[in-house]
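What follows is a set of notes on a single structure, which appears directly below.
Lettering of chains follows the sequences in order, A, B, ..., and the numbering in each one begins at 1. Fair warning: this is a prediction, and the values are worked out from it, not measured in the lab.
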4 protein chains.
Amino acid sequence: MKRSFASDNNAPVHADIMQAIINANNDDYVSYGDDPFTQKAKELFNHKFGAEVEVFFVCTGTGANVSALSHLIKPWQTIMAASTAHIHNDECGAPEKFTGSKLHTVPSLDGKLKISQLQPFLHSVGFEHHAQPGIISITQATELGMVYTCEEIEEIARFAKSNDMYLHLDGARIANALVSADKTLEEMITQTGVDVMSFGATKNGLLMGEAVVFLNPELARGFQYVRKQSMQLISKMRYVSAQFVAHFQDDLWLQTASHANKMARLLAEKIRHIPRVKLTMPVQTNAVFAAIPKEIIKPLQEKYYFYVWNPEIGEVRWMTHFNTTEEDINDFVKCVEELLD
Amino acid sequence: MKRSFASDNNAPVHADIMQAIINANNDDYVSYGDDPFTQKAKELFNHKFGAEVEVFFVCTGTGANVSALSHLIKPWQTIMAASTAHIHNDECGAPEKFTGSKLHTVPSLDGKLKISQLQPFLHSVGFEHHAQPGIISITQATELGMVYTCEEIEEIARFAKSNDMYLHLDGARIANALVSADKTLEEMITQTGVDVMSFGATKNGLLMGEAVVFLNPELARGFQYVRKQSMQLISKMRYVSAQFVAHFQDDLWLQTASHANKMARLLAEKIRHIPRVKLTMPVQTNAVFAAIPKEIIKPLQEKYYFYVWNPEIGEVRWMTHFNTTEEDINDFVKCVEELLD
Amino acid sequence: MKRSFASDNNAPVHADIMQAIINANNDDYVSYGDDPFTQKAKELFNHKFGAEVEVFFVCTGTGANVSALSHLIKPWQTIMAASTAHIHNDECGAPEKFTGSKLHTVPSLDGKLKISQLQPFLHSVGFEHHAQPGIISITQATELGMVYTCEEIEEIARFAKSNDMYLHLDGARIANALVSADKTLEEMITQTGVDVMSFGATKNGLLMGEAVVFLNPELARGFQYVRKQSMQLISKMRYVSAQFVAHFQDDLWLQTASHANKMARLLAEKIRHIPRVKLTMPVQTNAVFAAIPKEIIKPLQEKYYFYVWNPEIGEVRWMTHFNTTEEDINDFVKCVEELLD
Amino acid sequence: MKRSFASDNNAPVHADIMQAIINANNDDYVSYGDDPFTQKAKELFNHKFGAEVEVFFVCTGTGANVSALSHLIKPWQTIMAASTAHIHNDECGAPEKFTGSKLHTVPSLDGKLKISQLQPFLHSVGFEHHAQPGIISITQATELGMVYTCEEIEEIARFAKSNDMYLHLDGARIANALVSADKTLEEMITQTGVDVMSFGATKNGLLMGEAVVFLNPELARGFQYVRKQSMQLISKMRYVSAQFVAHFQDDLWLQTASHANKMARLLAEKIRHIPRVKLTMPVQTNAVFAAIPKEIIKPLQEKYYFYVWNPEIGEVRWMTHFNTTEEDINDFVKCVEELLD
């Protein structure tokens, strides 16, 4: 089989997660979430966040982002994000379609946005011709594999609150960020002032596991209707909830993320010594960005799945996942070396 | 465990389907559908429809309906449906939100709509103040468990075409309809002139299995973007596709639907003889509608899951599924008898 | 020239209104409403409503209805209205498009809705599959020319409030209703508990004069952005505001409406005595509905503009306006008589 | 009275236009455009464009832009525009709300976009995660007062067509651009390959005069419903149409625009010689952009209306209009000189 460095969602389902699905398949249960698996999963979320949060399971990462944003924004407000944001680049315009709102993006090389970039939007406040600042959306870890520090998140959250905006965090790879920063969910999310997050676990070994988490339950009021109206309400929800239970069990989620990150560091470590290969981004989570000679891209893609990030400079993205092995890394590096030989 | 007559989506996943999921969990595969399982599933769809169709897997039944409708309609057109339609009653306004279109409904007792009810809408054609007829949407089997004959579908399709409308069919329970009418997909859908259908399999033993099928591939152009923008693109799609492969294998889907229908007939057969219980709808698929003394509803719900359909007349809905057993039926009927004793 | 009984918006602009436009054309003024004409018009609105209201001028009646509804509703809520409502029949689906919400209509013969018809919607409350009751919208005078009593409005307002809904009133012909009921704006709107109204004056002698009026200024917060985003912000607003000033001056608006109503009563009086002509609706404002022999419809339309309301029974609508004269009525009646001769 | 250099929509209505409104006020006419004034105005549009075009009058410039874009785009496509575009900055998010589409902007200093900036978007074509290029929108004259040459428009049109996109032109100040370039509508629009334009006349002496013009009538099919659904259908349309008739009569529109441009050149001529005042943009139409000492902005605004464009560098925008006089310019320049003294 051809191994994939294309995305962490090319990975299979972790064995423990699969077992949890099988175990849930024992009888009739009420659909749409009124079942004991969902109840248990929600309790674990509260526990991990160290707070009473409101959790809603949804179908897709895009669904999590868009339904969350839609719930907290008015159409005449804007969503502010880095130019690299998944909501801007990789959701086929779903945020605009469903929220009706404008996305205002600011340029970013590492996927982080800075408050200094958001300040100019405040000039629009109160002027009826301009869409009004509504939500700041950040991605953790960023689409470039970088991790905001807790202090950075806290600063953005303060800026948001003091300007009547909400802070949304797209946590498609939240576990990778947590283990990279050596922080807990409580420290990184609950205590920094995030209002709502998209909690992604599909990329971390689940078959399908995405959730919207409101840190302030008051803000969640009515969200059950938004979830349904955004076509994200799963009928046999127990099979998703059971995965989340297993995901949090014995900190499986942190182990899988930690392993993925470790494999990326290993790859970076080995690949950076190859002449003509240049890392283009620090490796903080499970993504390795590198510029390689353009002529080896195609032959390398015949052996391994991965994406070209910036064709002009021969920049590629290699992602590791919970199931990537040291052997995979070694084989891959060897393959690059041979192609460059 | 408490058995459910509430909905066929309270059922577990069929063992063969679960095995297919497990079997798919063997290695890395490209996400979003570019995998051999999806390829195989699509071929089976073509085979079952007896035609080159375009198939797109989506997350939810509501997602299937709404994305399909959205693709074929303009916001200033209307969707015409029976007043009982799932798209009207049970999708929390998702069709209006995502299509921007008006839903025009006509009264229906059995869930079917009749051409004579649609004729008046033609008066609006060409008058700019009125939303224009765009799509006719029918449900097969209907929300009341009734089955359109192929001739009825054909007649509606002809009416649609001759008035520049499309015909959408919500097939959340298409298998139950097919075995009830003893027809093939080719006969009931391909040959009648349906333009697009929502193909549901979740209620027929899958963990999650919904698809949008375009009978005319031309009409499908660009739908991949609609699917993504409607937040319905599943990342680890192989796990859905693999289910569909098993679903069609050895006509499993027809066996499961046939069993569910048979259990409903059995229930109807036994329950109709109980004094003070009155069937309110013929039993053509896997739903039994009955009016029962109001005072036994609550005690019966303590023993079994099911929904009250019309509280004013004590009408309830009992649904059977692939996993309902004769013993379940016997126990249930006995329970009703005891409560009425 | 061919006289029109088709609609009160076929009338010209009242001379006093035109003079006000001319008078406003004297110099540079800041656009978008920051001008003395708009200031003065707003004061007059406060005065007429006997309360501090928030007034926003918009372009069209549809624009007034849709922007007002959109401001107070969430997409997963429904707008409840009579089946005859302009927002349902005559706005080409604009409410659904812009609000994203479902319109739930109840059958009505005279254009009024009754609380007993709204009660069933309360069953949906709290059930996530169903769109949730959000706004009740009534039209005063109704599309059938009938007038709600203040008590009826008050009762609906109470029902709305006690069920967490808002009450919107489409006042495209509010002046006709007021003079018919012999009530003031304060009595009919401010004191009954309406939350927001569309205040129409175009049909009452203005070139263009539509406004959204929030009875509770708190509810208006942010509406300036909704107005702009709904494409309803008029640049040279002084020319609209100046019309409203003239409209309220010396109660011109009540005189014009009173005259229009009187002409309709006169027409009804005279026409009801013609054999084979049958009034189909009481005449309370400036619309006369009558069933006439189908064979005279076409020849009559060659002489006068008017619309067929229900072709099956030969029902037509004749509307009078501020500029309709007694002579017009006499000529029209004579024409009908001759055609029936 | 305080004279305005804030915007050309602060101007009054031209006397000839006002007279046309008065002349139209003579009798009953069918509303919504089925009147002889509208007929005549449409003929004049055909004549001026030198082609059979389809013209639809609408209420506002934003309404023209948004309804036109909405008609030609699918929600999963993007609108590409310069970062300075009115549709991006000054319409409170109306394009996103109504089209559901993403706006992709490219940086621009003079308001023009270049094909080289659009090329990168083609990388997205066919990739379902990315919104697809749909419409290119340019403004003529640009928001910075600059004028595309016919060759530049033609080149963009060719690029659009060869990549399956449409070209929309926001002509809020089209007359100013035409007289500046000394071209006819036929040369600048019809022959260059524009698909649809927003034709603005309100800023050029009308009370209210905005239109959507489709160069290819085929593309206009169904637009009457879009206009109505976007709340842009004017009931007493004759009063708008009559203005357009007068606007084209004896080339009034070119005279008024020519005068406005001349006044801007005069202002630029005189002001550029004042020390510490620096023109920041060439003057091609009726806008003058200048950087002035920040301390005189406020005192100058007490005497004249105008907007600050870039507060950081003290850049202001001064606009002239059909009614600006040489005396206005002289007084204004003198005022600046005195403040700087």
Heavy-atom closest pair, residues Lys102(B) and Gly93(C): CE-CA, 4.4 Å
Distance-minimising heavy-atom pair for Asn89(C) and His130(B): O-CD2, 2.9 Å
His104(B)/His88(C) under side chain to side chain contact (heavy atoms under 4.5 Å, CB included): CA gap, chis, key distance, verdict: CA-CA 10 Å; His104(B) 258 313; His88(C) 182 53; 3.6 Å; yes
Considering residues, nucleotides and ligands other than [X], do more than 12 of their heavy atoms fall under 6.0 Å from its [atom1]?
{"X": "Lys74(B)", "atom1": "NZ", "result": "no"}
{"X": "Tyr166(B)", "atom1": "OH", "result": "no"}
{"X": "Asn310(C)", "atom1": "CG", "result": "yes"}
{"X": "Leu109(C)", "atom1": "CG", "result": "no"}

Portion of Gln132(C) that has a non-hydrogen atom of chain B nearer than 4.5 angstrom: neither
Contact winner vs chain C - Gly100(B), Pro95(B), Cys92(B), Ala131(B), heavy-atom pairs under 4.5 Å: Cys92(B)
Chain B interface, residue from Asp90(C), Leu103(C), Thr99(C) that has the most non-hydrogen pairs under 4.5 Å: Asp90(C)
Heavy-atom proximity to chain C below 4.5 Å, by part of Glu128(B): backbone
